[in-house]
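Structure, as structure tokens:
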Protein chains: 4
Amino acid sequence: MSDKQEQWLEDLIRLSAEDKEKKTEKQMKILEAAVEIFSEKGYAATSTSEIAQKAGVAEGTIFRHYKTKKDLLLSIAGPIVSKLLFPFVIRDFVKMIDLPYERADDFFRAIAKDRFKFARENTKIIKIIIHELPFQPELMEQVKVLSTEYVVKRIKKIIIHFQEEGQIIEAPPWRVMRTGASVLMGMILTHLFILPDFPIDEDEEIERTIDILMYGIAGRKE
Amino acid sequence: MSDKQEQWLEDLIRLSAEDKEKKTEKQMKILEAAVEIFSEKGYAATSTSEIAQKAGVAEGTIFRHYKTKKDLLLSIAGPIVSKLLFPFVIRDFVKMIDLPYERADDFFRAIAKDRFKFARENTKIIKIIIHELPFQPELMEQVKVLSTEYVVKRIKKIIIHFQEEGQIIEAPPWRVMRTGASVLMGMILTHLFILPDFPIDEDEEIERTIDILMYGIAGRKE
Amino acid sequence: MSDKQEQWLEDLIRLSAEDKEKKTEKQMKILEAAVEIFSEKGYAATSTSEIAQKAGVAEGTIFRHYKTKKDLLLSIAGPIVSKLLFPFVIRDFVKMIDLPYERADDFFRAIAKDRFKFARENTKIIKIIIHELPFQPELMEQVKVLSTEYVVKRIKKIIIHFQEEGQIIEAPPWRVMRTGASVLMGMILTHLFILPDFPIDEDEEIERTIDILMYGIAGRKE
Amino acid sequence: MSDKQEQWLEDLIRLSAEDKEKKTEKQMKILEAAVEIFSEKGYAATSTSEIAQKAGVAEGTIFRHYKTKKDLLLSIAGPIVSKLLFPFVIRDFVKMIDLPYERADDFFRAIAKDRFKFARENTKIIKIIIHELPFQPELMEQVKVLSTEYVVKRIKKIIIHFQEEGQIIEAPPWRVMRTGASVLMGMILTHLFILPDFPIDEDEEIERTIDILMYGIAGRKE
DNA sequence: GATGAATGAGTATTCATTCAT
DNA sequence: AATGAATGAATACTCATTCAT
């Protein structure tokens, strides 16, 4: 790991720690109200006065804590974007990289479980991020940098590792990665956002989905 | 096919035909400008005066053709939503249902090609739809009705058909469908929206992706 | 009667004759629609497009016949203002002046009957006039000129005539006139506009009201 | 007086007291400007930007204090409508009811003086009310309720009282009331709105008009 | 004469943001 | 830190009027 990347990681860990501290009660109420309304109506269609009302504070109070409305959005979406892109909780991440799973399906299973849990705990903010990403260059940049410099590179290494071991087919790693991401995200988004009332056994669902990811819908020819 | 469904289909065909006629030059310019700006900044963040300016018409002219700003949005998104949910062009759809492909991968390949083409020709409007869907109940309803009453039912039948033939594993059809949709949509969205500059051979890409969908990233054990 | 006043009279007679002729079917429909909506919502709150819609004509058609919206108002209110201020129908007016009634109460009774009838036949337009008068200088001017130059002068003469005969008390004629007008207008406006559903025998009501006008609410001391 | 009516009265007294307090300087300026322009051009023909300009505030400031333009109108007209319908200032009203005047003309004289004074002090707002009444259902309702439930009932009692004493003729009380109201309002409106420049001695004018009301234009037959 | 598409100035109202208290 | 009155630019939408067909 280079020094620069190391710094990146340190910053993120610190940021995510700060995240929970140093917030007055009013500030918390503002954030909660904003998350609620942003996710319901979209950022642009939400007015600051509406947030103030729901948070039970004066209109001016919002701007004491966040210079602009966009500032408020970024201070909600920013930290989650960072956390979203780390498979496994940050502090445990290094371990995962250094001690890769022996079998490829274990790796994908671990990611699936962790990210499903994370998404379930942050549905509203994730909805906000999905919808605002293309219109907020700062967020977009953050996602691009984190993804390419960090996530993609590492996962690519892991995929290549499993390809060398013969556990994964010889295809361009990015196609394997894209397909894996599609299948897992498709599962998570479907059950959290599109059909939240469709009843599933989450562990069972992950198991079966990983199965299909590994061996396809045509199944193993034995 | 019941009479009621027949009517549905007829209406859609007529609607999609009208779509291109009966539009004055100014109206076309308004639509083009609206698509452009909506897709760039989002619906709520776009002002009607901006659309008027880009279209080269007076602001009042917009409201002569579309009663409200939302009306303008729906008259852009509505028709595309309808077309989006039909695998294959409407007029050919019946044929496809009545003469199913002999092999499952042919079926998925055909859908992938057709929808990739359609998405490539309507990138901007599709972007608009993705972002406005959760905030526009009318659109949402349209999608729900078309999906469940029409698309899902038919594809489920086809999947069951292939399962009976032993071409697809014995899993709940919805999971097969969800995974298929995830893989194909993941491919299309990635190459059109997320990495539009990443160079690929589209046909080759479809071929390889269908392969993974059928046999998984672990590959066929022969 | 001076030449100038004579001309005035002639003009008015001609105007009121034209009133009913030379109007196409569409023009009539426009006028009817305008009267209807002006009286319901007020002139300023009525839009020309609303009138066009109710009249069943194109928006442009209104402006072919009436240069501006105000023109339309004046061509409705103007003629009625003229007729409103003539006790008795114009053509019979001269007779009434030349052959005054023998008794004062006959004079007031005749006016009351005639104006009640006129008001009953033109309620909507009268409502329009009442409400627009202070905001339309042209109308106001018309009323002022007609009233002072024509109506007031003549009625004053008649009142003085009855005072000389001892039928009316020795008070300034304008106070007699004002009180007479108040009592009669109060009766007419009350039963046509304020309490239109209050049932009365119109002739009986006029009779009793003239009685009070002549002898007061304390009544005749015999 | 029933408890319910008592409450009514209390509310009105409180309302009319609040009326003058709790208003910032800007709010007062807005109200003054609105009264001025509404009375000059009519409610519908007045723009909020015009009011803001005349009041020397930003347009947004109007809407901080009054949710809509109609709100502004009602908060001007509402309180005056209430006060308008009370003969004599509210606090003295009870006295008047409990200690009726010995002579009928004293009663009408007292009302005439009090209402003339009130009208002279509120000419502009009264003009606004007269013109907006038929187009503002809320105001209309207020007038109807106050008039019928309160004013009319009480005055009717007083008239019947004087009829029993033989001071007023045996006619339906409503006709006596209507005529009295017509004569007094005719006097007030004429001298305040129609001929404001016509010079009169107000007390003398009231005296002579009450005379005519009591004994008619034919005068007392002694 | 009649139409209705087009206009652009104007409308009431909302908004993010500031600032004196 | 917190308030909320004040702002003025911006917003979606309306309107009376024009003009080519």
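These numbers were taken from a predicted model, which means no experiment stands behind them. Protein chains get the first letters and strands the later ones, always in sequence-line order, with residue 1 at the start of each. Computation of the quantities below employed the complete heavy-atom set of this structure, encompassing side-chain atoms and omitting hydrogens, waters and symmetry-equivalent molecules.
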* For the pair made of NZ in Lys29(C) and C1' in dG1(E), what is the distance, rounded to whole Å? -> 16 Å
* To do: Starting at the 5' end of DNA chain F, write a dot or bracket for each base, bracketing those in Watson-Crick or G-U wobble pairs whose two distances are under 3.5 Å and using | for partners on another strand.
  => .||||||||||||||||||||
* Let me know the distance between CD of Glu25(C) and P of dG1(E), rounded to the nearest Å. => 15 Å
* Asked: When rounded to the nearest 0.5 angstrom, what is the spacing between OH in Tyr66(D) and CG in Asp71(D)?
  -> 9.0 Å
* **Point-to-point distance, once rounded to the nearest 0.5 Å, from CG of Leu31(B) to CD1 of Ile62(B)** => 10.0 Å
* **Between C1' of dA9(E) and CD1 of Ile62(B), the distance in whole Å** => 16 Å
* Does any N or O in the side chain of Thr61(D) come within less than 3.5 Å of the main-chain N or O of Val57(D), such that one atom is a donor and the other an acceptor? -> no
* Geometric cation-pi criterion Lys69(A) and Tyr43(A), 6.0 Å radius, 45° cone -> yes
* **Separation between CD1 of Ile130(D) and CD1 of Ile125(D), rounded to the nearest 0.5 Å** => 12.5 Å
* Asked: Start at the 5' end of DNA chain E and walk down; is the nucleotide closest to Val57(C) or to Val57(B) reached first?
  -> Val57(C)
* Going 5' to 3' along DNA chain F, which nucleotides are the first and last within contact of chain A (any atom under 4.0 Å from a heavy atom)? -> dA1(F) to dG4(F)
* **Ile51(C) vs Phe38(C) side-chain heavy atoms within contact, under 4.5 Å** => yes
* Asked: Checking side chain to side chain donor-acceptor pair (under 3.5 Å) for the pair Thr48(C)/Glu59(C): CA distance, chi angles, key distance, verdict?
  -> CA-CA 7 Å; Thr48(C) 50; Glu59(C) 292 189 49; 5.0 Å; no
* Give a yes or no on this: more than 12 heavy atoms of other residues, nucleotides or ligands lie within 6.0 Å of atom CD of Glu138(B). => yes
Distances for protein N/O vs nucleotides 12-16 of chain E N/O pairs under 3.5 angstrom?
{"residue": "dA12(E)", "atom": "OP1", "partner": "Thr46(D)", "partner atom": "O", "Å": "3.2"}
{"residue": "dA12(E)", "atom": "OP1", "partner": "Lys69(D)", "partner atom": "NZ", "Å": "3.0"}
{"residue": "dA12(E)", "atom": "OP2", "partner": "Thr48(D)", "partner atom": "N", "Å": "2.8"}
{"residue": "dA12(E)", "atom": "OP2", "partner": "Thr48(D)", "partner atom": "OG1", "Å": "3.0"}
{"residue": "dT13(E)", "atom": "OP2", "partner": "Lys69(D)", "partner atom": "N", "Å": "2.6"}
{"residue": "dA16(E)", "atom": "OP1", "partner": "Thr46(A)", "partner atom": "O", "Å": "3.2"}
{"residue": "dA16(E)", "atom": "OP1", "partner": "Lys69(A)", "partner atom": "NZ", "Å": "3.0"}
{"residue": "dA16(E)", "atom": "OP2", "partner": "Thr48(A)", "partner atom": "N", "Å": "2.6"}
{"residue": "dA16(E)", "atom": "OP2", "partner": "Thr48(A)", "partner atom": "OG1", "Å": "2.8"}

* Measure from the ring center of Phe135(B) to the ring center of His131(A) and say whether it is less than 6.0 Å. => yes
* To do: Give me the one residue out of Glu36(A), Glu40(A), Glu32(A) that meets salt bridge (Lys or Arg N to Asp or Glu O under 4.0 Å) with Lys124(A).
  => Glu36(A)
